[in-house]
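Order of listing sets the numbers, starting from 1, for every ligand and every atom in it.
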Amino acid sequence: MSPHPDSAVVDQHGSALSSDADDAAAMLVGAVKRYGAGESAVAALDDVTIAFPAGKFTAVMGPSGSGKSTMMHCAAGLDRLTSGRAFVGSTDLSTLDDRELTLLRRERIGFVFQTFNLVQTLTAEENICLPLTLSGRRPSGDVLDQVVSLLRLGDRLRHRPSELSGGQQQRVAVARALVARPQVVFADEPTGNLDTRTGQEILGFLRSAVDEDHQSIVMVTHDPNAAAWADRVVFVVDGHVHDVMDRPSADAVLDVVKGLGR
Ligand SMILES: Nc1ncnc2c1ncn2[C@@H]1O[C@H](COP(=O)(O)OP(=O)(O)O)[C@@H](O)[C@H]1O
Ligand SMILES: [Mg+2]
């Protein structure tokens, strides 16, 4: 394994991270995000150092307002850190100008939102292909077929979002996030608007994308049962990483969540 290009920076933050940094799909190092100024300033992220491993499914949990969405947005290049660094693979996002950041998001990152965020005037297939269309690429037929069959969307491709159920819309959103074969997919409470059964279905698809297609996924969730689908759970409290659990069970996750006292 080759050393991470920024191993000096990484090493300042301890060996726990440097062992993960080489095969991180994305990583935050000493990440601080402040909103507002002076007395009313809020540190949504307060010195967060965490690596999200490539080819793994990571869940992020924590009380409301603890900084989970901020963490995802800054790691995905949707927002910029106040200080510290965010890496996608070995690319330091702070070195990119806005245009380069937009390209990186389009080509190397997938995002799934709680509220699906599909374009209502486009069909399911057009929505799925949108990230590629925007960057002037065509989906390879194989990859499109694979994603569509993984998500069982074959008979829905010509439908518009208003003609689809919530679960179907979220499957389209997951397909859109996967079709460009991004280096990492971030999902912010992707099952938050779905009933339990439909939510389980989405979690199963995310799990197969990791197991069968070696995707790297980072997902925020409030639900210990959802977190148990992941390989690792990162617990965030007050803008800090409070704890990390590997091979989580729903019961073990629930115990930690109860200990957070909220
Ligand atoms: N755009 C913003 N402007 C000001 N404060 C914000 C903004 N976004 C988030 N915050 C604050 O940052 C903290 C973390 O928010 P967030 O990352 O959304 O938490 P979570 O996703 O864990 O609920 C909260 O105190 C929230 O009020
Ligand atoms: Mg949030």
Only one of Arg207, Arg247, Lys56 passes salt bridge (Lys or Arg N to Asp or Glu O under 4.0 Å) with Asp231, and that residue is Arg207
Please report whether atom 20 (P) of ligand 1 has a protein non-hydrogen atom at a separation of less than 4.0 Å.
yes
Cut-off 3.5 Å, side chains only: do Thr115 and Asn117 have a donor facing an acceptor?
yes
Under the ring pair (Phe, Tyr, Trp, His ring centres under 6.0 Å) rule, collect the residues that match up with Phe113, sequence neighbours excluded.
Phe111
Which atoms of ligand 1 are found less than 4.0 Å from any heavy atom of Ser64?
23 (O)
Taken to the nearest 0.5 Å, the spacing of Asp79 CG from Ser69 OG works out to 11.0 Å
Below 4.0 Å, non-hydrogen atoms only: which portion of Val42 touches ligand 1? Side chain, backbone, both or neither.
side chain
Any Lys/Arg nitrogen of Arg171 or Glu201 sitting under 4.0 Å from an Asp/Glu carboxylate oxygen of the other?
yes
Hey, are Asn193 and Gln170 close enough side-chain-wise for a donor-acceptor pair under 3.5 Å?
no
Scan Leu93, Leu78, Thr91, Thr95 and name whichever one has a side chain to side chain contact (heavy atoms under 4.5 Å, CB included) with Leu101.
Leu93
In the complex you have, is atom 9 (C) of ligand 1 within reach of the protein, judged by whether a heavy-atom distance drops under 4.0 Å?
yes
Distance alone, cut at 3.5 Å: any donor-acceptor contact between the side chains of Asp223 and Thr221?
no
Between Gly65 and ligand 1, does any nitrogen or oxygen pair lie at a separation below 3.5 Å?
yes
Could you tell me whether ligand 1 has any atom less than 4.0 Å away from a heavy atom of Gly239?
no
Taken to the nearest 0.5 Å, the spacing of Phe116 CZ from Arg176 CZ works out to 11.5 Å
Short side-chain donor-acceptor distance under 3.5 Å, Arg160 and Ser162
no
Contacts of the Mg ion (ligand 2) with protein N/O/S atoms, counting only those under 2.8 Å
Ser69 OG
Are any of the heavy atoms in Gly67 under 4.0 Å away from ligand 1?
yes
Distance to 0.1 Å, residue and atom name: give those for the protein heavy atom nearest to atom 11 (C) of ligand 1.
Tyr35 CD1, 4.0 Å
In terms of residue, atom name and distance, what is the protein heavy atom nearest to atom 15 (O) of ligand 1?
Thr70 OG1, 3.9 Å
